[in-house]
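Below, all heavy atoms of this structure are taken into account, side chains as well, without hydrogens, waters or symmetry copies. Each residue takes its place number in the sequence, starting with 1.
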Amino acid sequence: MKFMKIGTKPDTFYTEEATRTVISDIPSDLTIRINNVCFLLHKIPLVPKCGLLQRLCSDADDSDIVTIDLHDVPGGEDAFELCAKFCYGITINLGAHNFVPAFCAAKFLRMTESIEKGNFVLKLEAFFNSCILEGWKDSIVALQTTIKLPEWSENLGIIRRCIDSIVEKILTPTSKVSWSYTYTRPGYIKKQHQSVPKDWWTEDVSDLDIDLFRCIITAVRSTYIPPPQLIGEALHVYACRWLPDTTKSRPLHSSGSQTEESREKSRRILESIVSMIPSDRGSVSIGFLLKLLSIANYLGASPVTKTELIRKAGLQFEEATLNDMLFPSQLPTDQHFYDIDLVAAVLESYLVLWRRQSPLPTENSHMVRSIRKIGKLIDSYLQVVARDVNMPISKLVSLAEALPDVAREDHDGLYKAINIYLKEHPDVSKADKKRMCRMLDCQKLSPEVRAHAVKNERLPLRTVVQVLFFDQESGSRSTTHKPESITRARQAPIEAEAKEECDKKVQHEVTKSSSRVTETSEREIQKRMEAKMVRGDSEKGKERKGETNSTAKMMEPKQVFQRRSSR
């Protein structure tokens, strides 16, 4: 940062309550009132340097005490005091932080060369051109101070010249960047031998007000020089700097004018950032888009903003990771922790695009690989949110059923999510258990998962029986083309184990719910299993040696089962 010192005399201004005066043996003959502050000064030396005061004092005699109201002086009483000290020759220090109000006040008072040579405006312009505009951080600080005097700064060309200077430096090749900048990324250690990062400018620019930041980004993008990813990084840094963090815990929803004012400011920043995201895919990460969507839910952003974020996130949903989707719910009415509605909305947007691009996907197409990647991601997400003790079963089922059948190559992940939910929610009704397990396709369960499901007491009896039937059927098919001796030797333990597991499950269910599961239903399940085994044995006999199965058909189901179990 650069500074300019003007004047040589010591500071003789002092303040007493709302009155500011200068120590002098000469009584004050000029009173300047600005807002609630009263300045007791002297016509000499102020009037000779200020064209405005010359005009306002033109009708007064030299001996008269003149009182002037200057309530509309830009920069207020502090800026006027700098101009007054300059007239007295008192030492003042000027920098990027106070240049704008001093310059606007000097212009207002007409402290120009036409009034007196070497006047204040000339010195300020020289400092602005040679120091502020040449410096990186000086230009940013000066530009930020213009938000207090936007009209004056715009009319005097301060905003435009500061923006031009900043943009010019941003577009400078990194090999020629020699000025100091702020860069605090984790893991980055600034050393002389280390090259300047491409996004070196993003942190300093994030100090600007959102409207000024938009001007910078718009000007940089208009050159088509920086890649869209660099613009996206600048937006990410700005969002982290000014928007609330909704990734850790549920924010407190409090009331109050100050809180509402802050939320309104954050909403305006969010909507501006969303509107500046480049249309190029990959300009910002999917994690950043989902984070903005979570913040939009918290701030109550407009439907247009939310819809745009959901659309952009849907385009890149394939790139998401599990951690990208774990956001707490931002609705105070929700009892559950995770924002499952956010994920459901983005998934729906992705599926609309997926169906439009691939109405009849082939097995090895990119669209099939994409949807299966999403399927694994959603199942992993379901396994996490299933641990939420307040998660409604309807939301879990709705998200799980949103995926098309082709999205899941196997149902192992879905089974794990269901098992976790049933474990964390022991009071789930039988109807809800059946509703969840109805989503499972036993044919898509791996042998290891089927073995676990058979012994899983949390599952409904119907589901366990289905798993047993399919497990036996798949085992029968796998031994169809093997020698008879090997087939029978291996089939007997499988059938015996299947019967034993089923008997145990049936007996447990009968004991646990004797009022609902009668002996009749138990015998019915037993007969259905035995009949299934008879049919499987009969079909295998035909394929092995072409022997007739008339004997097997005439046998009673229970006798067949006992004969096969004894082998």
- prompt: Judged by modelled atom types alone, do T463 and K433 share a side-chain donor-acceptor pair under 3.5 Å?
  reply: no
task: Using the side chain to side chain contact (heavy atoms under 4.5 Å, CB included) rule, take W136 and W200 through it: C-alpha gap first, then chi angles, then the decisive distance, then the call.
output: CA-CA 12 Å; W136 165 247; W200 62 268; 3.5 Å; yes
query: Quick one: NZ on K395 to OG on S329, what's the gap to the nearest 0.5 Å?
result: 8.0 Å
query: How about L143 and I216: do any of their side-chain heavy atoms sit closer than 4.5 Å?
result: yes
- prompt: In Å, rounded to the nearest 0.5 Å, how long is the span from CD1 of I393 to CZ of R435?
  reply: 6.5 Å
query: Nearest heavy-atom pair of H336 and Y338: which atoms, and what distance?
result: CD2-O, 3.0 Å
query: Between the main-chain N or O of C162 and the side-chain N or O of S165, is there a donor-acceptor pair closer than 3.5 Å?
result: no
- prompt: So, the side chain of Y421 versus the backbone of M391: is there a donor-acceptor pair under 3.5 Å, distance only?
  reply: yes
Spacing of CD1 belonging to I295 relative to OG1 belonging to T247, to within rounding of 0.5 Å: 8.5 Å
task: Please say whether more than 12 non-hydrogen atoms of neighbouring residues, nucleotides or ligands are located less than 6.0 Å from CZ in R387.
output: no
message: Using modelled atom types and a 3.5 Å cut-off, is there a donor and acceptor pairing between side-chain atoms of T218 and backbone atoms of C215?
response: no
query: With a 4.0 Å cut-off, would you call D211 and R268 a salt bridge?
result: yes
- prompt: What are the two closest non-hydrogen atoms of S294 and T246, and how far apart are they?
  reply: OG-OG1, 2.8 Å
Any side-chain donor near an acceptor of the partner, R214 and S275, under 3.5 Å: yes
field: Residues, nucleotides or ligands: over 12 heavy atoms within 6.0 Å of K376 NZ
entry: no
task: State, yes or no, whether a side-chain contact exists between V237 and W201 at a heavy-atom distance under 4.5 Å.
output: no
field: K169 backbone acceptor or donor facing T172 side chain under 3.5 Å
entry: yes
message: Working to the nearest 0.5 angstrom, can you tell me the gap between I217 CD1 and L235 CG?
response: 5.5 Å
task: Any chance you could measure L382, atom CG, to I418, atom CD1, to the nearest 0.5 Å?
output: 9.0 Å
- prompt: Under 4.5 Å between any side-chain heavy atoms of T174 and S195, yes or no?
  reply: no
Among V467, L459, V465, the one residue meeting side-chain contact (heavy atoms from CB on, under 4.5 Å) with V454: V467
query: Is a side-chain donor or acceptor of R462 paired with a backbone partner of C437 at a separation under 3.5 angstrom?
result: no
- prompt: Backbone N or O of S446 within a donor-acceptor pair of the D412 side chain at under 3.5 Å?
  reply: yes
- request: For the pair K444 and L414, evaluate side chain to side chain contact (heavy atoms under 4.5 Å, CB included) and give the outcome as yes or no after the intermediate values.
  value: CA-CA 10 Å; K444 290 188 175 183; L414 181 60; over 6 Å; no
- prompt: Between T202 and R185, is any side-chain donor less than 3.5 angstrom from a side-chain acceptor?
  reply: yes
message: Under the criterion side chain to side chain contact (heavy atoms under 4.5 Å, CB included), I'd like the reasoning laid out for V343 against F327: C-alpha separation, chi angles, the key distance, then a yes or no.
response: CA-CA 9 Å; V343 176; F327 293 99; over 6 Å; no
- prompt: Can you check whether V346's main-chain N or O pairs, donor with acceptor, with S349's side chain at less than 3.5 Å?
  reply: no
query: Do the non-hydrogen side-chain atoms of I170 and V205 ever get within less than 4.5 Å of each other?
result: yes
task: Mind listing the closest non-hydrogen atom pair of R458 and L422 along with its distance?
output: O-CD1, 3.7 Å
message: Between D280 and S283 (side chain of the first, backbone of the second, donor and acceptor by atom type, cut-off under 3.5 Å), is there such a pair?
response: no
task: Verify, without hydrogens or angle tests, whether Q383 (side chain) and G413 (backbone) share a donor-acceptor contact under 3.5 angstrom.
output: yes
task: Locate the shortest heavy-atom distance separating T182 from K137; write the atom from each residue and the value.
output: OG1-NZ, 3.1 Å
query: Should the ring pair Y238 and F213 be called parallel, tilted or perpendicular, given that the plane angle runs from 0 to 90° and is split at 30 and 60?
result: parallel
query: With distance as the sole criterion, is a donor-acceptor pair present between the side chains of N456 and Y415 under 3.5 Å?
result: yes
task: Could you grab the distance from atom OG1 of T321 to atom CD1 of I286, nearest 0.5 Å is fine?
output: 9.5 Å
message: Could you work out, with salt bridge (Lys or Arg N to Asp or Glu O under 4.0 Å) as the rule, every residue matching D441, not counting sequence neighbours?
response: none
field: Validation row: I210, W242 side chains within 4.5 angstrom (heavy atoms)
entry: no
Side-chain donor-acceptor pairs of residues 396-405 under 3.5 Å, sequence neighbours excluded:
none

field: Note, R372 side chain near R369 side chain (heavy atom, < 4.5 Å)
entry: no
field: salt bridge (charged side-chain N to carboxylate O under 4.0 Å, His left out) partners of residues 309-325, not counting sequence neighbours, each pair once
entry: R281-E319, E308-R311, E308-K312
R263 charged N/C atom sitting above Y298 aromatic ring, 6.0 Å / 45°: yes
message: Using the rule given for side chain to side chain contact (heavy atoms under 4.5 Å, CB included), can you reason through I277 versus L292, listing the C-alpha separation, both sets of side-chain angles and the distance that settles it, and then say yes or no?
response: CA-CA 11 Å; I277 296 177; L292 290 180; 4.1 Å; yes
task: Report yes if some heavy atom in the side chain of E271 is under 4.5 Å from a heavy atom in the side chain of V304; otherwise report no.
output: no
field: salt bridge (Lys or Arg N to Asp or Glu O under 4.0 Å), paired with D379, selected from K373, K416, R408
entry: R408
- prompt: Under 6.0 Å from the CD atom of E348, do we count more than 12 heavy atoms belonging to anything else shown?
  reply: no
task: Might you point out which heavy atoms bring L270 and A301 nearest each other, and give the distance in Å?
output: CD2-CB, 3.9 Å
query: Is there a side-chain contact between F337 and V389, using heavy atoms and a 4.5 Å cut-off?
result: no
